[in-house]
Amino acid sequence: MTEQSTGPTDQLASARANLRDTIKWLITALAALAAAVLGSSPLTAFGTLAPGWRLYLAVGSGFIGLMLLLGAIYIAFRLLVWKPFFVAEIAADQKLRQFIGQHAADLLPAEFPKLDEFLRARDEARATLRATATDAKNPLRAKAAEFIKLSDPYVEQLISLAYFERLRTDLIAKSRILFGLIICAVIALGTFAWAANPTGKTVETEHRSSIGH
């Protein structure tokens, strides 16, 4: 087994940063939309509404719209907050194992055509190191330590790739929910703007102003 460079890992780090920047941009856009609703001109007319169905519709639709936006922000924020990623999570995730298996020739040492075989060899080497912890001169210990050293770059690349793939697939999966929430929020906020700005009041105000002149 030969040691490999860390170039692919660096490329994936840049790709992950791009995904995270996209999520940050989405959160910023949603927060700006929520702030615009709270500070926009419809609130002026909203304050003049008398108790009635239009006021209740404005309150209800505005509340629902803001809650939908906050829900979308929360989902996007959860995509940014990730716990540390380990090899054990790759082994426990069937989709990740299948993805890596499809590209095993590019990701694994030539001696290991399957991910399970590579991980099993790592576990056996670590078990050997534990068993020979008090016998530093044991040739099996030196062989296991060499295997761990040479396989570490492959493990780092697998973790980097698996972390990126999970982030990518989660973003794609959550995007359907996010777009659904955003569309519903836009409808609710549009209803709020319509209910909070009755055209009849505008016409009536203009008519009274013209009479006054």
Side-chain angles (χ1 to χ4, degrees), residues 1-30 71-180:
M1 183 187 300
T2 58
E3 190 171 357
Q4 64 175 30
S5 64
T6 58
T9 302
D10 295 336
Q11 295 177 10
L12 290 174
S14 177
R16 287 198 308 272
N18 289 336
L19 283 180
R20 294 174 69 86
D21 287 342
T22 300
I23 297 172
K24 292 177 182 178
W25 174 87
L26 179 60
I27 293 175
T28 302
L30 292 174
I73 292 174
Y74 174 77
I75 292 174
F77 179 76
R78 285 293 300 271
L79 291 174
L80 289 177
V81 182
W82 273 79
K83 63 180 181 179
F85 200 84
F86 300 99
V87 178
E89 297 187 54
I90 301 177
D93 193 317
Q94 182 62 30
K95 292 183 179 180
L96 286 178
R97 291 172 58 188
Q98 183 179 0
F99 174 77
I100 293 174
Q102 293 172 349
H103 306 280
D106 299 318
L107 301 173
L108 300 176
E111 300 90 335
F112 302 98
K114 295 182 179 180
L115 176 63
D116 290 343
E117 296 177 1
F118 176 67
L119 296 180
R120 189 180 306 114
R122 288 266 304 183
D123 291 339
E124 292 174 356
R126 292 176 61 85
T128 300
L129 290 177
R130 287 192 296 269
T132 59
T134 58
D135 187 7
K137 295 182 179 180
N138 192 317
L140 293 178
R141 180 176 180 81
K143 184 178 179 180
E146 182 67 13
F147 176 80
I148 293 294
K149 177 181 177 181
L150 294 178
S151 63
D152 276 345
Y154 291 94
V155 172
E156 292 176 4
Q157 178 174 310
L158 287 175
I159 291 176
S160 178
L161 176 63
Y163 179 76
F164 169 77
E165 178 63 14
R166 178 174 286 185
L167 179 61
R168 186 187 69 85
T169 54
D170 277 1
L171 179 57
I172 292 175
K174 294 295 192 302
S175 64
R176 300 184 181 94
I177 301 176
L178 287 173
F179 283 126

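Side-chain atoms are counted along with the backbone in the values below, which use heavy atoms only and exclude waters and symmetry mates.
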- Query: When you look at Gln157 and Ile159, which way does the side-chain contact (heavy atoms from CB on, under 4.5 Å) test go after all the steps?
  - Reply: CA-CA 5 Å; Gln157 178 174 310; Ile159 291 176; over 6 Å; no
- All heavy atoms of Pro113 vs all of Ala104, minimum pair found to be O-CB, 3.4 Å
- Hey, is Lys143 close enough to Glu146 for a salt bridge, meaning N to O under 4.0 Å? no
- Leu26 side chain reached by Ile73 side chain, heavy atoms, under 4.5 Å: no
- Message: Could you measure the distance from the CG atom of Leu178 to the OH atom of Tyr74? Nearest 0.5 Å is fine.
- Response: 13.0 Å
- Query: Is any side-chain heavy atom of Leu79 less than 4.5 Å from a side-chain heavy atom of Lys174?
  - Reply: yes
- Message: So, taking the atom named CD1 in Ile27 and the one named CD1 in Ile75, what distance separates them when rounded to the nearest 0.5 Å?
- Response: 11.0 Å
- The reported gap from CD1 in Ile90 to CD in Glu165 (rounded to nearest 0.5 angstrom) is 11.0 Å
- Message: Using only atom types and a distance under 3.5 Å, with no angle test, would you say the side chain of Ser160 pairs donor to acceptor with the backbone of Glu156?
- Response: no
- Message: Counting C-beta onward and ignoring hydrogens, is there a side-chain heavy-atom pair between Leu161 and Phe99 closer than 4.5 Å?
- Response: yes
- Query: Taking C-beta and beyond as the side chain, do Arg122 and Asp152 meet within less than 4.5 Å on heavy atoms?
  - Reply: yes
- Item | Side-chain heavy-atom pair Val155, Phe118 within 4.5 angstrom cut-off | yes
- Message: Within this structure, what is the NZ-CG distance for the pair Lys114 and Leu119, rounded to the nearest 0.5 Å?
- Response: 13.5 Å
- Task: Looking only at non-hydrogen atoms, find the nearest pair between Asp135 and Arg141 and report the distance.
- Result: O-CD, 3.7 Å
- Item | Non-hydrogen side-chain atoms of Leu115 and Leu107 separated by less than 4.5 Å | no
- Residues Arg166 and Glu89 bridged, charged N to O under 4.0 Å: yes
- Expected output: side-chain Arg97 to main-chain Ala91 donor-acceptor under 3.5 Å: yes
- Task: Nearest 0.5 Å please: distance from the CD1 atom of Ile23 over to the CZ atom of Phe77.
- Result: 11.5 Å
- For the student: nearest non-hydrogen atoms of Ala144 and Ala125, plus distance: CB-O, 3.5 Å
- Gap separating the CD1 atom of Ile100 from the CG atom of Asp106, nearest 0.5 angstrom: 12.0 Å
